[in-house]
Chemist: 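Encoded as structure tokens, here's the structure I'll be asking about.
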Amino acid sequence: VLSKLSYKQYLFINQLEAPLLAFILAFIVRYYNVGDPFKSGYVFSKNLNMPAHLFMSVIVALFMGLTVSAEEIIRDRKILKREKFLHLFRCSYIISKISILFMISAIQTALFVLVANYILQIQGMFFIHWGILFTASCFANLLGLNISSAFNSAVTIYILIPILLIPQLILSGVVVKFDKLNPIIGNTSTVPLVGDLMASRWAFEAAMVAQYKDNAFEKEFYVYDKTMADADYKKIYLIPELESRLDFINLNRQTQEPGIKKEVAQKLDLIRTTLEREEKITKAKFQYLDKLTITRYDTTVNIPLINYLETLKRFYINRYNKADKEKDNKIAQLTNTPEKEKEFEQQRNAYQNEAITDLVRNTMEQNRIIETEGKLVQKIYPVYKDPDTDQMVDYDAQFYMPAKHFLNQNIDTFWFNLGVIWSMTLVLAIALYWEVLRKVIDQLSNISNPLEKRM
């Protein structure tokens, strides 16, 4: 039936696909506890399926972008042969295709976000969600054009679509966490390379981080929550870890066993590098920092180091208490009357989702701090963690961090992630112009089987 439709009719039906998928997805994930006597009806903040919705929205955007572009070039084979014979400019053809597909994707994703956000009562995030899904869909448009240009059979192309989507599902950091992947391709401290190659990873992370920290409610408190989370991590996890390693050093510093001696040296190096970073934050100098080596460490350093760690702990306790007090004062101002208190709770329920909060804070992670490559890595509260690097170009970061470090500055995750996906889209556009995928496939098909020669 679809083969008998005109192109305009096909596009019209294709536009109806987006709101239909949005309705189905939003209806399925619109969760509320019907057995809770204290809550009546649906409440956005209590919807446990919001992370799943944001992830599936990205996959739907990729799917729509692929399906709408998969036959665009294969349909024009005869026209392309004639234009090539007449030496016409290929770039004009590609730009026209991309422009039309981008307009279709803009409408599709806008309709999808409108329907889904209305059903799930997601407020104030239309342009952020639309920007993410539109960007992902445009990437899929170029991916679809590349496979449409490379293969001669529409059947082959539509077989490839699920094959292309499966890695986007598995390697997005949602279905399988990046630190739970096969160690050969996984990474316990940051997002591995296989994750960085997936557009779904960048789009989903941008959606989660923006939904948490850029909603109208959390914007008012994010600076306090960030300060408190950093201080909480330092005083509860980081400093006790340093004290534990110091105990090991004091017990084994005089050993002559090579293995233990090497471990003592590594722990001293770890303490020294950690304190160097802390000095930049607290501005409190540790005068024996240069003696934290296997050859120079002795009992005269131990007591000052213990006192310094206690000083650090008090510093972060005071910082936490100060931020907590400021946050409480702000909440008190916003809830000093029964009417304001009711409005405050309504704002919280309308903008802050508990499931998204738990995921981006990573509070369910058992290993709150790990040691890797000679340094301690924070696993809890990634959404409050700033990039910690001195390199000019170093975007490698943990999942759900609020910013990425690039060209000596921290760029908000929303804008950086969208920039990465658009960069990937540009690479696909260049590959499409030069027909890179088609040439690779032609070269592979021309490789003769050595067994056939012997026959």
Side-chain angles (χ1 to χ4, degrees), residues 189-190 213 221-250 265-294 296-330 361-363 367-392 394 396-398 400-405 408-410:
S189 57
T190 61
K213 76 180 188 67
F221 305 102
Y222 181 77
V223 63
Y224 307 118
D225 291 338
K226 183 177 181 179
T227 302
M228 291 163 62
D230 177 67
D232 194 55
Y233 162 72
K234 297 289 180 64
K235 65 187 176 70
I236 295 178
Y237 301 107
L238 180 64
I239 296 174
E241 282 289 331
L242 295 178
E243 291 173 339
S244 173
R245 280 153 178 76
L246 182 59
D247 290 340
F248 179 88
I249 292 167
N250 290 328
Q266 291 173 345
K267 292 186 184 302
L268 280 168
D269 289 341
L270 184 145
I271 293 175
R272 188 181 66 257
T273 54
T274 303
L275 294 186
E276 285 174 351
R277 290 197 297 270
E278 289 303 310
E279 283 185 348
K280 296 177 183 178
I281 299 171
T282 63
K283 308 303 180 183
K285 299 291 183 182
F286 180 58
Q287 58 180 337
Y288 300 109
L289 193 64
D290 58 335
K291 289 189 176 182
L292 295 178
T293 63
I294 190 67
R296 303 189 65 187
Y297 182 81
D298 55 33
T299 54
T300 60
V301 181
N302 182 44
I303 299 302
L305 182 53
I306 293 174
N307 293 335
Y308 183 77
L309 293 177
E310 284 297 322
T311 302
L312 282 181
K313 190 178 293 186
R314 286 195 299 272
F315 173 85
Y316 285 113
I317 289 173
N318 293 334
R319 173 176 280 194
Y320 180 95
N321 292 338
K322 181 181 178 183
D324 187 38
K325 184 178 180 180
E326 290 175 354
K327 181 180 179 180
D328 287 343
N329 290 338
K330 186 158 192 173
R361 289 182 178 181
N362 203 24
T363 51
N367 300 316
R368 306 296 177 91
I369 182 171
I370 62 171
E371 182 179 349
T372 179
E373 298 179 356
K375 62 181 180 180
L376 294 171
V377 177
Q378 175 183 343
K379 298 290 288 181
I380 193 173
Y381 305 136
V383 76
Y384 300 121
K385 183 181 176 184
D386 287 325
D388 183 18
T389 180
D390 296 325
Q391 300 181 29
M392 185 177 74
D394 184 16
D396 194 19
Q398 288 176 246
Y400 303 132
M401 282 182 63
K404 305 292 189 298
H405 189 79
N408 286 332
Q409 59 181 334
N410 293 342

Chemist: Report yes if the side chains of Glu243 and Glu310 come closer than 4.5 Å at any heavy-atom pair, otherwise no.
Modeler: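 They are in side-chain contact.
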
Chemist: Nearest 0.5 angstrom please: Lys235 NZ to Asn318 CG, how far?
Modeler: 11.0 Å

Chemist: Is there a side-chain contact between Leu292 and Leu305 (heavy atoms, below 4.5 Å)?
Modeler: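 Counting from C-beta outward, Leu292 and Leu305 do come under 4.5 Å.
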
Chemist: Tell me the closest heavy-atom pair linking Gly374 and Thr273, and the distance in Å.
Modeler: O-OG1, 4.3 Å

Chemist: Could you check whether any side-chain heavy atom of Leu268 comes within less than 4.5 Å of a side-chain heavy atom of Thr293, counting everything from C-beta outward?
Modeler: no

Chemist: So that I can tick it off, tell me whether Arg272 and Asp269 are bridged by a salt bridge, with the cut-off set at under 4.0 angstrom between side-chain N and carboxylate O.
Modeler: yes

Chemist: Glu278 versus Phe315: any side-chain heavy-atom pair under 4.5 Å?
Modeler: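 Contact flag for Glu278/Phe315 side chains = no.
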
Chemist: So Ile281 and Lys234, side-chain contact (heavy atoms from CB on, under 4.5 Å) or not? Walk me through it.
Modeler: CA-CA 12 Å; Ile281 299 171; Lys234 297 289 180 64; 3.7 Å; yes

Chemist: Can you tell me which residue among Tyr320, Tyr384, Tyr381 is in a side-chain hydrogen bond (donor to acceptor under 3.5 Å, both in side chains) with Asp232?
Modeler: Tyr381

Chemist: Do Leu246 and Asn302 have side-chain heavy atoms sitting under 4.5 Å apart?
Modeler: yes

Chemist: Decide if atom NZ of Lys330 counts as having more than 12 heavy atoms of other residues, nucleotides or ligands within a radius under 6.0 Å.
Modeler: yes

Chemist: Could you tell me whether the side chain of Ile369 reaches within less than 4.5 Å of the side chain of Gln378, counting heavy atoms only?
Modeler: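 Of all side-chain heavy-atom pairs linking Ile369 with Gln378, none is under 4.5 Å.
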
Chemist: Going by side chain to side chain donor-acceptor pair (under 3.5 Å), name the residues that satisfy it together with Asp290, two or more places apart in sequence or in a different chain.
Modeler: Arg296

Chemist: Might you point out which heavy atoms bring Gln398 and Ser189 nearest each other, and give the distance in Å?
Modeler: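 Shortest heavy-atom separation between Gln398 and Ser189 comes out as CG-O, 2.8 Å.
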
Chemist: Indicate whether the side chain of Tyr224 and that of Asp328 have a donor and an acceptor atom separated by less than 3.5 Å.
Modeler: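 On atom types as modelled, these side chains do not qualify, holding no pair under 3.5 Å.
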
Chemist: Using the side chain to side chain donor-acceptor pair (under 3.5 Å) criterion, which residues pair with Asp298? Sequence neighbours excluded.
Modeler: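 Partners of Asp298 under the side chain to side chain donor-acceptor pair (under 3.5 Å) test: Thr300.
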
Chemist: Quick check, are the ring centers of Tyr308 and Phe286 under 6.0 angstrom apart?
Modeler: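 When the ring centroids of Tyr308 and Phe286 are compared, they turn out to be within the sub-6.0 Å range.
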
Chemist: Looking at side-chain heavy atoms only, is the closest gap between Asn362 and Tyr400 below 4.5 Å?
Modeler: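 The answer is no, as the side chains (C-beta and beyond) never meet within the 4.5 Å cut-off.
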
Chemist: In plain terms, say whether Glu276 and Lys280 are close enough for a salt bridge, that is, a side-chain N and a carboxylate O under 4.0 Å apart.
Modeler: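 Salt bridge: no.
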
Chemist: Are the side chains of Leu238 and Leu312 in touch, meaning some heavy atoms are under 4.5 Å apart?
Modeler: no

Chemist: Do the side chains of Lys226 and Asp386 get close enough for a salt bridge, i.e. N-O under 4.0 angstrom?
Modeler: yes

